[in-house]
Amino acid sequence: MATVRFQNLRKSYGDTHVLTGIDLVMEEGEYVVLVGPSGCGKSTMLRCIAGLEDISSGDLFIGDRRVNDVAPKDRNVAMVFQSYALYPHMTVRENMAFALKVAKRSAEEIRVAVDEAARMLDLGHLLDRRPSQLSGGQRQRVAMGRAIVRRPDVFLFDEPLSNLDASLRTHMRVELMTLHKQLGTTMVHVTHDQVEALTLADRLVVLNKGVIQQVGSPRELFDRPINTFVATFIGSPSMNLLPATGHGATSTVDGVEGTLDVPSDGAFTLGIRPTDFTVGEGPLEADLIVVESLGSEAMLHMDLGEHRIVARVDEPQSFQSGDKVRLRPNKVHRFSAATGERLP
Amino acid sequence: MSAARVSLLRALLVLAALLPLPWRQAIAAQVDEIVLWHAYQGREEAGLEAAARTWTEQSGVRVKLVAIPFGAFASKVETAIPRGNGPDLFIAAHDSIGKWSAMGVVEPTPQLSADGLRPELMEAVRWGDQRWGLPLAYKSLVLLYDPTVIQTPPTTTDALIAEAHKYTGGGRYGLAYQASETYYHAPWAHAFGATPFDAEGRLVPLDSDAHVKAYAFTARIARDEGIVPQQPTYESVQRLYNEGNAVFVIAGPWFVSDVDRPIAAAPLPWVSDAGAPARPFLTVDVAYVAGQAQHPDEASAFTTWLAGPEGARIRQEQGGQAVSSALVPTDDPLLKTLEVQSKTALLMPMNPGLQGLWESEAKALRRVMRGAATPSQAAHEAALYWEVVSRPSPPAVSPWPYVVVMVAVLLGALGWLLAPLRDPDFRAKLRRHAWDYVWIGPATVAMVLLVLTPFVVGAGVAFFAHDQGEFTFIGLRHFTDILFARDWPLSSPLSFFYTLGVTLLWTVTNLIVHVGLGIALALILREPWIRMRAGWRAALILPWAVPNYITALIWRSMFHVQDGAINALITLVSGAKDPVQIDWFGSFVTSFGANLITNGWLGFPFMMVVTLGALQSIPRDLEEAAEVDGASWAFRFRHVVWPLLKPALLPAVILGSVWTFNAFNIIYLVSAGEPDGTTEILISEAYRWAFTRGNRYGYAAAYALIIFGVLLAYSRAANRLVGRKVL
Ligand SMILES: Nc1ncnc2c1ncn2[C@@H]1O[C@H](COP(=O)(O)OP(=O)(O)OP(=O)(O)O)[C@@H](O)[C@H]1O
Ligand SMILES: [Mg+2]
């Protein structure tokens, strides 16, 4: 168990700056989820913690120890690789036992630990196979198992559940939460999956182009996104962003009739989540283009003036493409038109 | 010319080629050209060319001169002439007459006029009760000296030694010559009476008193006195002289044209310790009429003229040769010296089968020079060695039992091969694939011709004993002699099992070096901090790209005791005051080590390249995962990298071990088996039996067949292990 602390950490490959000035503290026992678009530097951050990448400048602490120059093997972290990195010449059991063998644990101790992890990950019947004889999801679970059998200071998970089917993923999420509760170890988890991020995270870190955009609890990030990037990145489908102009106590969406009760002055960006509309009445009128049905609910894709927007409704059957739909935003977010920063 | 005419002409040419032999000779007689093979270079070649031109002007017969490299000459005439592909005449030294006359390489020429030729030189072409060609010129060692330093050359060895001491020191040597070569030892040996044959023509025993004294003398003059550089080669003597660092040189007339400083000649000195003149070997260049010559008459005519006064004068004046004709006197000081020297010189014997004798003596001489044996010990061992290598062939045995067994085996094999033909399914399959067999036909024929036939012939030879061109069937005798180590104790370097042991040691140590270095370098090349990776990789592959005999020769010279880079480097690094003089080829361990270093240098790039390729297929994150899991470098290599590397490396290791097992070039060129044949491996030992110990082709073939068997068993076993994933 340990904190992980980044101090103005930078990582570049020659002229490619992958991480630019990361300042972040992951508290002891915290479950931190890293999200961000592909290529933004999430894996790189994990690899920096593991020691697989040299840090270009700045400092990294695990616990009280500055680990910039500590070899990976001496950091006591466990990592699940995005590519699984299973040893092809070893059986599942040998793969999972590897770290314990390195640590020179007794055979009995190893067997117990591996069996325990195998039970949890439902790998019991696969222990004597080799990785090449496993499916993608099974491999991913073995990779998880290899990390779990250890008792490290920090767990690093790089998209550990991406290859699992929906039900297994739900199961594994629960298992991860249980594990976290049991061990209380600091865990850092990279994912693309909104649900995974929002359910697992004590704290969520949104990364874009190597810069931390916002850090906070899932609720905070969802309710008060700090800029348009976080606003669109968190929540599915994404928040609608519309150019708007404020007239003191009210505002209008540019090029669209209808006045909104949003106090503002001058040009700004108006953000409305698809879930935050009242549909059927209101000051705005939009043309319905497509109804995307999701069973009990539907997404309405509409043109508001020349802007494409999405709204969620509960009774899809009453809508048809070509309809004129009236809308009222219930909750809005305001962002600076120039910088995209949240306006107070 | 129209196409029709061209094809008509071609048809006529083909017809002409098919004409019966007498016709062809008649036609050829009008062609007026004879072909002469020789190995002359430089001035001698120019002299021969001038003589040939003059002859053409006089007789109208063109002489086509074909120069053949000296080293290849003997085997060229021995293979080409008996098959009818030879020249009309050729020029070569006289000492192979015994062998060549038996092989039909040369024609007897009793009819040729010997008028004006020095009678003692005519002895050089007399063998059996026949004469073979005519002597053209003669050569022997003489004493050469630097006339800018020496006014009157010494006439006794004592004086020579005293004089030489004056000029020795500081990298300079009073006397330089290839002391460890029997040819250069011969002048002293003969003075003591250690000649190959005595006055009655009987072989002088190799452990005679005379031999012992002669070894002691050479050890003294060339080693103990400290006036002669150690282990000199022809090139190093030449270099020393050109640099002005050698005052006296013992060499033949050819040396004179190879140096670019003034040089003078004198007869070799009187050997003070023997009370007799030094007697170098005399070799005579002979013009031979070749066996199966197309134009023997024209060849004979040219031979007579070339040896006679007219040809001799041209060769003497333009070719600088010491000619055999007594009718053309000379003022040239070198030629005069040679003439004087020829009076005491001993005609090189022409008897076939003396190779083993030279090798026995050479071994003894090297042992004495190295200080590994006293002269009398060495002489004693030489006598024993000669006794073995000169032993007559084993008795002939009846081939019939073998023929019966072989026919039975062949029939059995044939039956086994053809048995499936009775199966109609199989026949149908054959028919279906008929064209496939046609397509692989050419390759099959090539394989049969180029691989199978030589193998079968080679294997067959193993059942025969060879002596002076005669093969006798002796059955399995060679195999039993070799495998039951009948002739030598197991610990003798001549025994099969000793050599097998060395060969195995050689293979294993080499593989350790190759694989160890190859993997280490490949791993280093993969490190992220390496700069100019591609450059390093190319540089490290270079040793592999250079032809290995060149590398071997370079390493051999680097291991030279006095001039070698290795000793110089050790001197430099150790900071020793006196130059370190490790005699690398003087003991088994260092000599084996020198071979190992050379072959290690040659062999690691292959393993490195294979390893680099194999490493590429091991994802980097496997190692990273192990690293994060706390594994040390060694643990990662042992448990992650090595198991994944092994399957790719194993075939390379098997291949490499077979190459190394048969690394003839390295052994032959670097240590040459020194000291005393202890570092020979099986394949180079087989070569020795075939080519330096009296042409025991059968014995060598048996060796080769046994080597084949060993390697076959090895590769089968290795494949089995790979298949079972045991390794
Ligand atoms: N060796 C390298 N040299 C140069 N650029 C690199 C190197 N390795 C990674 N990058 C760059 O660093 C950036 C971050 O890579 P990283 O693997 O951390 O992305 P990620 O956020 O994990 O993406 P994904 O979600 O697709 O896994 C990428 O733009 C990538 O192109
Ligand atoms: Mg990634």
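All values reported here derive from a predicted model rather than from experimental measurement. Numbers restart at 1 for each chain; the letters A, B, ... are given by sequence-line order, proteins then strands. Atoms considered below: every heavy atom in the structure, side chains included; atoms not considered: hydrogens, waters and symmetry mates.
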| said: With chain A as the partner, which of B:Glu627, B:Arg636, B:His639 has the greatest number of non-hydrogen pairs under 4.5 Å? | reply: B:Glu627

| message | Surrounding CG of A:Asp64 (heavy atoms of other residues, nucleotides or ligands, distance under 6.0 Å), is the total greater than 12? | response | no

| query | Picking from A:Ala50, A:Pro88, A:Ala143, which has the most non-hydrogen pairs under 4.5 angstrom with chain B? | reply | A:Pro88

| remark: Given A:Arg47, A:Arg75, A:Met79, A:Met90, the one with more heavy-atom pairs under 4.5 angstrom with chain B than any other is A:Arg47

| Is there a donor-acceptor pair closer than 3.5 Å between any side-chain N or O of A:Thr186 and the backbone N or O of A:Gly29? | yes

| Under-4.0 Å salt bridge between A:Asp193 and A:Arg169 | yes

| request: Would you mind checking which part of A:Leu156 comes under 4.5 Å of any heavy atom in chain B, side chain (CB onward), backbone (N, CA, C, O), both or neither? | output: neither

| said: Using heavy-atom distances under 4.5 Å, tell me whether A:Tyr87 contacts chain B through its side chain, its backbone, both, or neither. | reply: both

| query | What is the ring orientation for B:Phe604 with B:Trp601, classed by angle as parallel under 30°, tilted 30 to 60°, or perpendicular over 60°? | reply | perpendicular

| Are A:Glu30 and A:Arg203 ion-paired here, with the side-chain N under 4.0 Å from a carboxylate O? | yes

